[in-house]
Peer 1: 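Below is one structure. I have some questions about it.
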Protein chains: 2
Amino acid sequence: MQQPKKTGFQDVRDEVMRRIETRVWDQGALLPTEAELATEFGCARATVNRALRELADRGVIDRKRKSGTRVTALPVKQAKLEIATARRLVEERNATYRYALVSRRMQAAPGWLGSQMGLTPGTEVLHLEAMHYGDGQPFHFEDRWINIAAVPGCAEADFALKPPGEWLLAEVPFSNADVSFTATAADAALADYLACAPGAALFQMERSTWFQDAPVTFARMTFHPGYRMRSRY
Amino acid sequence: MQQPKKTGFQDVRDEVMRRIETRVWDQGALLPTEAELATEFGCARATVNRALRELADRGVIDRKRKSGTRVTALPVKQAKLEIATARRLVEERNATYRYALVSRRMQAAPGWLGSQMGLTPGTEVLHLEAMHYGDGQPFHFEDRWINIAAVPGCAEADFALKPPGEWLLAEVPFSNADVSFTATAADAALADYLACAPGAALFQMERSTWFQDAPVTFARMTFHPGYRMRSRY
DNA sequence: GAGTGGTCTAGACCACCTG
DNA sequence: AGGTGGTCTAGACCACTCA
């Protein structure tokens, strides 16, 4: 036997990627057509198409009808960030997770929240404050607002045991979100909750969530000093 | 005419997604087989396969041979983060970009850098410090280290006009990276560069880059106070 | 062993774009 | 107008995994 396996789309994809990395095809260069590559690799055009489509999804090549396929000149790198629950983040670090509800009350949505979530101001919302711990150490403080109209069940849930994030994930599993990250100085309350000095630099994540265009929840997570969010690409 | 267009894979994908969102198929539920869906939608199995593959890539469904396709119980949300150059970030805000090299020198890699990049300590590296401005205001401070062995050309480039990030992107376009985000307090030097008070909370991004397992560069970007990194999912 | 998804094929038609 | 990628089809075989 000479070739124990046929050329699959992964072989084509990897070989094309190799030629781009090694500058056989330089930045901006025009690649052969799908049909030509199919002939070269001895496979069907659909196989080449599948391979090139994956590279296009990664942003490695640009494809246009009629003009053909080119190596992306200045690729825009994309990092995939996993937005996990606090429990997952803590347990990934092999620590014991603990959750504590700090406060829970219904109130009219303040103005900043209205504009943040696209909610008419004065709408009744559920406001929760909670702490998440890893091995007894403060992990992050959660300031959460839930649109009662969008998630009626939240009025009955007391969130004493289950974090609102997990509850919502089970209740409204598929949704869209805007997320932003920033650094903030600890105020007196945060310094107390997170056991740090007032003014300490803290990593903060804010997330607004919608379900089919209806605003669901806004959450601001403020992490303990030194927290680091990692990713790869 | 009744149906002006045939059912494509996007139609199948969207309809399946709709049924999952509306809980026709609840979390953890078993979906019909590809063959059954193909019959229902009146298309080929390959079309259904393509549709379901995209949903699986998004993390909406889990697929296993023999056991079939299930709705993911607790979907792990993934945010796509665009890692853009400073120029891009500034110009997206409709501001005028300006770059200034602060310092440039060859030196032996310090210990922390060696472990950070997987570089043997003492290796000759190029150390650059630079500032990036938007409309004359400090945007971020860049502290960059380049492995000369991996990118020989950097010894000749003077980086007075072109930011090292852009230079590297053109020189080593396809590479892997670890990236991490954190909050840090401004020290005296950063406070000076970024025109803020010492101790101010600053958003910081660190990135280590490899090309085919060879360490290329490490960069620490410290942003002006109040900087916010955004994403969607 | 048998059912399910994973992939490939050869051919076809279409949509979009550029010359 | 013609070339290129985008997609679909019908059928086939394979690989994994569960019973």
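In what follows, every chain begins at residue 1, and chains take the letters A, B, ... in the order their sequences are listed.
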Peer 1: Pair A:Q137, A:H224 - check side chain to side chain donor-acceptor pair (under 3.5 Å), show working.
Peer 2: CA-CA 9 Å; A:Q137 301 298 310; A:H224 69 270; over 6 Å; no
Peer 1: Can a salt bridge be assigned to the pair A:R50 and A:E34 using a cut-off of 4.0 Å between side-chain N and carboxylate O?
Peer 2: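 A:E34 and A:R50: not salt-bridged.
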Peer 1: Please confirm whether B:Y227 and B:F139 have ring centers closer than 6.0 angstrom.
Peer 2: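 Yes, close enough.
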Peer 1: Check the phosphate of C:dG5 against B:T69, side-chain N and O only, distance under 4.0 Å to OP1 or OP2. Yes or no?
Peer 2: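 Answer yes for this pair, as a side-chain N or O of B:T69 is under 4.0 Å from OP1 or OP2.
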Peer 1: Can you tell me the distance, in whole Å, between the CG atom of A:N49 and the C1' atom of C:dA12?
Peer 2: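 From A:N49 CG to C:dA12 C1': 14 Å.
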Peer 1: Does B:R87 make a cation-pi contact with B:Y97, if we ask for NZ or CZ under 6.0 Å from the ring centre and within 45° of the axis?
Peer 2: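 The answer is no; the distance or angle limit is not met.
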Peer 1: Whole angstroms only, please: what is the CZ-C1' distance between B:F9 and C:dC13?
Peer 2: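 Nearest whole value for this atom pair: 16 Å.
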Peer 1: Looking at A:S231 and A:K80, would you say the former's side chain and the latter's main chain have a donor-acceptor pair under 3.5 Å?
Peer 2: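 Yes: the side chain of A:S231 pairs with the backbone of A:K80.
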Peer 1: What is the nucleic acid contact for B:R45, judged by heavy atoms within less than 4.0 Å: base, sugar-phosphate only, or nothing?
Peer 2: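 Base, at least one base heavy atom under 4.0 Å.
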Peer 1: Short of 4.0 Å, heavy atom to strand atom, which residues of residues 51-58 of chain B count as contacting DNA chain C?
Peer 2: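 Within residues 51-58 of chain B, no residue comes under 4.0 Å of DNA chain C.
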Peer 1: Could you tell me the separation between the CG atom of B:L37 and the C1' atom of C:dG5, rounded to a whole number of Å?
Peer 2: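 Spelled out: CG on B:L37 to C1' on C:dG5 is 12 Å.
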Peer 1: Nearest whole Å is fine: how far is C:dT18 C1' from A:L30 CG?
Peer 2: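 About 13 Å, once rounded to whole Å.
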Peer 1: Quick check for you: among D:dC8, C:dG6, D:dT7, whose closest atom lies nearest to any side-chain atom of B:T47?
Peer 2: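 Side chain of B:T47 sits closest to D:dC8.
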Peer 1: Please tell me which of A:G42 and B:P32 maps to the more 5' nucleotide of DNA chain C, matching each residue to the nucleotide holding its nearest heavy atom.
Peer 2: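 That would be B:P32.
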Peer 1: Kindly say whether the aromatic ring centers of A:W112 and A:F218 come within a distance under 6.0 Å.
Peer 2: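 Centroid separation for A:W112 and A:F218: below 6.0 Å.
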Peer 1: Check the distance between C:dT7's P and A:Q10's CD and give it to me in whole angstrom.
Peer 2: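 In whole Å, C:dT7 P and A:Q10 CD are 6 Å from each other.
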Peer 1: Can you identify which nucleotide, out of C:dA10, C:dT7, D:dT9, has its nearest atom closest to the B:C43 side chain?
Peer 2: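 It is D:dT9.
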Peer 1: Output the rounded distance in Å from CZ (B:R70) to C1' (D:dC18).
Peer 2: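 Taking CZ of B:R70 and C1' of D:dC18, I get 12 Å after rounding.
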Peer 1: To the nearest Å, how far apart are B:R50 CZ and D:dT9 P?
Peer 2: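 Rounding to the nearest Å, CZ of B:R50 and P of D:dT9 are 12 Å apart.
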Peer 1: Identify the two heavy atoms, one from B:R23 and one from A:E171, that lie closest to each other, and give their separation to 0.1 Å.
Peer 2: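 For B:R23 and A:E171, the tightest heavy-atom pair comes out as NH2-O, 2.5 Å.
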Peer 1: Quick check on contacts: within residues 59-68 of chain A, what sits under 4.0 Å from DNA chain C by heavy-atom distance?
Peer 2: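 Per residue number, the list reads A:R65, A:K66.
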Peer 1: Please walk me through it: do B:T182 and B:Q204 pass side chain to side chain donor-acceptor pair (under 3.5 Å)?
Peer 2: CA-CA 5 Å; B:T182 187; B:Q204 191 169 276; 6.0 Å; no
Peer 1: Using the rule side-chain contact (heavy atoms from CB on, under 4.5 Å), only one of A:L168, A:V172, A:V151 pairs with A:F211; which is it?
Peer 2: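 The single option meeting the side-chain contact (heavy atoms from CB on, under 4.5 Å) with A:F211 is A:V172.
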Peer 1: Tell me what A:E36 touches on the nucleic acid: a base, only sugar-phosphate, or nothing, going by heavy atoms under 4.0 Å.
Peer 2: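 Answer is nothing: A:E36 stays at 4.0 Å or more from every strand.
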